[in-house]
Amino acid sequence: GKDGGRIVCTVACSPSAYPHLSSSALDDIQADLTSLLHQTISHSSLHPSNLTILKSKKSWLLNLDVLVLSDAGNILDALFMASRAALWDTRVPRTRGVEYKAPTRKDTGKDKEDMNVDEDEHENAQKQSGFDTRVLPKATDFELPDYWDEGEVLDGRERWPVAITLNIESPTHFLDATAQEEAASPLKLLLAFSFHDGQPAVLQGMRMLGPGELTPSHLKELVKVGENYARELFVALNAKLKDEDVRRTQKARERFELHR
Amino acid sequence: MAQASFDRRRINGPEESHPPIFDDAENLFWTLGQSRKARNPTDIRPIFLQPGLIDQANGSAYVETERTKIACAVYGPRQSKNNAYNEKGKLNVEVKFAPFSCGHRKAPIRDAEDRSLAMAIHQALVPSVRLELLPKSTIDVFLTIIEADGMEGCIASGVVAASTALADAGVEMLGLVMSCASSIVGREIWLDPTEGEAQLAKGTLVLSCMPAVNTVTSVWQSGQMSLGEVSECMDACHERCTDIHFVVAQALRDHV
């Protein structure tokens with residue numbers, strides 16, 4: 001695998017979400033949503049740092065798969081919200097490097113198997129102490145001491161972007177369009193913002209979608225306005241995710257208490 | 001594994017093969033604080049533009065900027081194959097990467113990258129073409145990328161090529177659409193990044209606009225950019241687009 005790990009995002013659309021489209025048109029929508037999500041989320045600026053298992057040998061591949069079951073408009077905001085929630089939740093299993101060492105045998109070895117083994121181990125311990133940091137152990141494989149939902153949290157979970165789609169009906173705009181509203185107002189501006197604690201907002205992705213044009217000044221204004229909307233969305237989503245975290249740990253604790 | 005053609009009668013080649021790795025002559029060893037190699041940050045690569053490349057098409061253009069080479073052909077307006085009545089015409093953009101265009105060989109099948117590039121170019125062109133004058137018609141724009149130097153460069157040059165080809169075909173438009181790519185490397189804005197430069201950048205932005213009417217038709221931004229940087233990039237791209245527009249208009253005038 002690539003050093004540092006990889007993230008691959010795919011979006012699958014169920015035909016029930018778009019009953020009026022043929023299967024090739026459905027594939028096209030799938031490809032568009034996939035490329036949009038993938039290009040934003042797997043960009044190197046958002047890459048988490050704890051996806052490496054063994055440096056330059058093994059790393060984790062994170063697959064983010066989104067399934068659209070029903071689309072009533074504003075699908076892009078929902079996609080990014082869902083991705084953010086899923087990535088917030090993600091845990092990377094802890095690994096332990098494993099090194100394979102072939103035991104060395106003394107030339108004048110004794111015949112008794114068990115005694116040989118003991119001697120050899122003792123021999124090894126003298127030759128290469130575990131505390132010897134001059135020779136770094138070269139781990140070639142890894143094992144998982146964690147199972148199920150344990151493990152460390154995916155790094156950089158604060159940074160995952162939040163998207164807001166502004167439907168533009170010059171000179172105004174509106175948010176969260178239903179399907180009919182989208183059909184009536186096809187020009188959209190998709191803005192994906194990432195908020196780090198205490199730092200100003202950063203734009204992670206911007207696309208103009210749909211037929212229509214904007215003056216440069218109007219575009220800049222929309223970006224500013226979009227940041228405020230995105231910030232509100234970010235705060236609300238974070239509150240919900242934190243609530244969920246608390247609820248889970250509390251529930252787990254209560255369950256543990258019950259079973260004691 | 002059993003799928004591989006294990007022909008017992010013949011000597012089989014290796015199952016997997018990899019392209020050879022060449023020693024890159026221009027090593028992009030860039031560190032923070034170094035200036036851009038070979039160009040100024042606000043310089044774009046010189047554009048070679050030739051309309052009328054393909055005789056059998058209604059309009060065509062060939063664009064070459066250092067390592068990006070794109071040929072574009074426009075067929076239309078012609079009758080839609082669809083029996084349904086459309087009061088506005090349709091603009092159909094298809095992009096094809098030649099198998100030898102990128103570093104690794106691209107199989108000739110149509111894949112997601114082709115489509116995403118086609119959608120980006122379509123997004124940039126559609127506001128400029130007067131489709132309401134062409135009911136029941138389709139305009140086909142076919143782009144062939146002979147050599148690609150990064151996605152942003154392809155989008156920018158593709159839009160320029162397509163717009164020139166549409167003008168060459170005599171399709172009614174509100175204005176020529178020009179496009180420029182930019183990237184933020186360190187703290188500087190580098191215009192028209194090559195593939196290597198785009199990978200170094202923390203964010204890239206491609207702006208497509210119509211300088212004649214002063215409107216923006218498409219923005220494609222990816223990576224991390226602060227709002228101030230976005231604004232600066234858009235301004236820089238917009239300025240360059242006006243310059244490119246001059247070049248394209250001149251080329252079209254000379255060709256006619």
Side-chain angles (χ1 to χ4, degrees), chain A residues 9-11 24 27-47 159 161 168 170 186-194 196 199-228 230, chain B residues 88 90-91 110-120 122-129 131-132 151 174-175 177 184 198-211 213-235 237-239 241:
Chain A
C9 307
T10 49
V11 177
S24 57
D27 278 340
D28 285 341
I29 290 213
Q30 235 173 251
D32 287 340
L33 294 174
T34 302
S35 68
L36 216 129
L37 195 64
H38 182 78
Q39 277 165 6
T40 311
I41 293 207
S42 62
H43 194 268
S44 50
S45 56
L46 288 172
H47 195 87
R159 297 198 298 244
I168 299 166
S170 277
L187 179 62
K188 295 191 276 206
L189 181 66
L190 172 73
L191 297 162
F193 283 98
S194 171
H196 305 224
Q199 285 171 12
V202 151
L203 195 60
Q204 284 291 148
M206 166 159 69
R207 297 283 168 98
M208 257 177 82
L209 302 163
E213 36 186 10
L214 294 168
T215 57
S217 49
H218 191 193
L219 184 60
K220 287 185 205 168
E221 193 190 301
L222 288 170
V223 173
K224 275 205 199 80
V225 158
E227 189 211 330
N228 293 330
Chain B
K88 281 180 80 164
K90 271 205 239 155
L91 182 70
R110 202 168 161 246
D111 69 0
E113 206 183 351
D114 289 353
R115 192 186 150 76
S116 80
L117 189 58
M119 290 313 286
H122 179 270
Q123 174 66 38
L125 290 176
V126 116
S128 74
V129 182
L131 293 168
E132 66 271 11
M151 185 68 161
L174 291 171
V177 184
I184 301 262
Q199 269 164 13
L200 287 173
K202 64 174 179 134
T204 55
L205 186 143
V206 182
L207 183 88
S208 310
C209 62
M210 284 197 277
V213 245
N214 194 32
T215 52
V216 169
T217 60
S218 168
V219 185
W220 190 95
Q221 189 263 342
S222 69
Q224 205 172 66
M225 286 167 79
S226 74
L227 296 188
E229 287 170 343
V230 167
S231 193
E232 280 172 37
C233 273
M234 291 209 293
D235 289 333
C237 287
H238 199 85
E239 252 186 76
C241 285

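Note that the coordinates shown come from a computational prediction; the quantities given were computed from them, not determined experimentally. Residue numbering restarts at 1 for every chain, and letters A, B, ... go by the order of the sequence lines.
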(request) Please step through side chain to side chain contact (heavy atoms under 4.5 Å, CB included) for the pair B:Cys233 and B:Ile184, ending with a clear verdict. (result) CA-CA 8 Å; B:Cys233 273; B:Ile184 301 262; 3.8 Å; yes
The reported gap from CG in A:Leu189 to NE2 in A:His218 (rounded to nearest 0.5 angstrom) is 9.5 Å
If one checks every heavy atom of A:Ser35 against chain B at 4.5 Å, the contacting part turns out to be side chain
Heaviest contributor of heavy-atom pairs below 4.5 Å to chain A, chosen from B:Val219, B:Asn214, B:Asp235, is B:Val219
Looking only at A:Gln30, A:Gln39, A:Gln204, A:His43, most heavy-atom pairs under 4.5 Å shared with chain B are made by A:Gln204
Chain B shares the most heavy-atom pairs under 4.5 Å, among A:Val223, A:Leu219, A:Leu46, A:Leu187, with A:Leu219
If one checks every heavy atom of B:Met225 against chain A at 4.5 Å, the contacting part turns out to be both
task: Without swapping roles, check the side chain of B:Gln224 against the backbone of A:Val202 for a donor-acceptor pair under 3.5 Å.
output: no
Using atom types as modelled and distance alone, determine if a side-chain donor or acceptor of A:Thr34 lies under 3.5 Å from a backbone N or O of A:Val11. yes
Next item on the list: Dump the intermediate steps for side chain to side chain contact (heavy atoms under 4.5 Å, CB included) on B:Leu205 and A:Met206, then the final yes or no.
Entry: CA-CA 9 Å; B:Leu205 186 143; A:Met206 166 159 69; 4.2 Å; yes
Honestly, the part of B:Val126 sitting under 4.5 Å from a heavy atom of chain A is side chain
The interface call for A:Asp27 against chain B, heavy-atom contacts under 4.5 Å, is neither
Exercise. Does A:Ser194 use its side chain to pair, donor to acceptor, with the backbone of A:Arg159 at less than 3.5 Å?
Worked result: yes
Honestly, the part of B:Leu91 sitting under 4.5 Å from a heavy atom of chain A is neither
Looking only at A:Ala31, A:Pro200, A:Gly210, A:Ser44, most heavy-atom pairs under 4.5 Å shared with chain B are made by A:Gly210
Greatest number of non-hydrogen atom pairs under 4.5 angstrom with chain A, of B:Met234, B:His122, B:His238, falls to B:Met234
Okay, A:Glu227 and chain B: the region with an atom under 4.5 Å from a heavy atom over there is side chain
Query raised in the report: Taking it one step at a time, do A:Leu203 and A:Leu191 satisfy side chain to side chain contact (heavy atoms under 4.5 Å, CB included)?
Result: CA-CA 7 Å; A:Leu203 195 60; A:Leu191 297 162; 4.1 Å; yes
Correct closest heavy-atom pair for B:Ser128 and B:Gly175 would be CB-O, 3.6 Å
The interface call for B:Val230 against chain A, heavy-atom contacts under 4.5 Å, is side chain
Are the side chain of B:Ser231 and the backbone of B:Gly228 linked by a donor-acceptor contact shorter than 3.5 Å? no
Note: vs chain B, highest number of non-hydrogen pairs under 4.5 angstrom among A:Pro211, A:Ser217, A:Ala201, A:Gly212 is A:Gly212
